[in-house]
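Below, each value reflects all heavy atoms present in this structure, side chains not excepted, and no hydrogens, waters or symmetry copies.
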Amino acid sequence: MAKIKITQIKSVIDRSERQKRTMQALGLKKINQAVEVEATPSIIGMVRKVNHLVAVESI
């Protein structure tokens, strides 16, 4: 599968608990932190839920 790089660009302060937990599940804790993950359907679904808080790059 392809890999994607997900970078947190906005804070999770004042966001719903669901969005905070989704960010934790993606492995993101701080602004400008980046993780490289496999582009599975479940990961892509999580990214879509918090797309306003992250930037995504294809690797």
Side-chain angles (χ1 to χ4, degrees):
M1 294 213 122
K3 285 195 153 221
I4 56 173
K5 181 179 178 182
I6 307 168
T7 307
Q8 182 175 347
I9 56 170
K10 288 190 179 177
S11 173
V12 294
I13 296 174
D14 290 336
R15 303 295 176 184
S16 69
E17 190 63 31
R18 185 174 180 170
Q19 290 176 356
K20 289 178 184 179
R21 289 180 188 226
T22 301
M23 294 294 279
Q24 283 180 343
L26 288 170
L28 298 169
K29 299 174 187 163
K30 301 188 227 179
I31 295 176
N32 292 325
Q33 181 181 6
V35 292
E36 291 183 9
V37 293
E38 293 288 330
T40 62
S42 60
I43 295 291
I44 292 170
M46 287 192 280
V47 169
R48 284 186 182 152
K49 291 292 183 183
V50 293
N51 66 350
H52 56 288
L53 301 175
V54 298
V56 181
E57 299 174 34
S58 180
I59 299 179

Residue list, salt bridge (charged side-chain N to carboxylate O under 4.0 Å, His left out) with Glu17, at least two apart or on another chain:
Arg21
Hey, what do you get for CD1 (Ile59) to CD (Glu38), rounding to the nearest 0.5 Å?
9.5 Å
Locate the shortest heavy-atom distance separating Gln19 from Leu53; write the atom from each residue and the value.
OE1-CD1, 4.4 Å
4.5 Å side-chain heavy-atom contact, Val50 and Leu26:
yes
Using the side-chain hydrogen bond (donor to acceptor under 3.5 Å, both in side chains) rule, collect all pairs that involve residues 39-58, keeping only residues at least two apart or in two chains.
Thr40-Ser42
Using a 4.5 Å side-chain heavy-atom cut-off and chaining through intermediate ILVMFWY residues, the residues clustered with Ile31 come out as none
Pairing residues for Gln33 by the side-chain contact (heavy atoms from CB on, under 4.5 Å) criterion, not counting sequence neighbours:
Leu28, Lys29, Lys30
Mind checking whether Val54 and Met23 have side chains closer than 4.5 Å, heavy atoms only?
yes
Give me the other members of the hydrophobic cluster that Ile9 sits in, counting Ile, Leu, Val, Met, Phe, Trp and Tyr linked by side-chain heavy atoms under 4.5 Å, directly or via other members.
none
Table please: side-chain donor-acceptor pairs of residues 1-8 below 3.5 Å, with sequence neighbours left out.
unit_1 : atom_1 : unit_2 : atom_2 : d
Gln8   : NE2    : Lys10  : O      : 3.0

Cluster check Val56, Val12: I/L/V/M/F/W/Y, side chain < 4.5 angstrom
yes
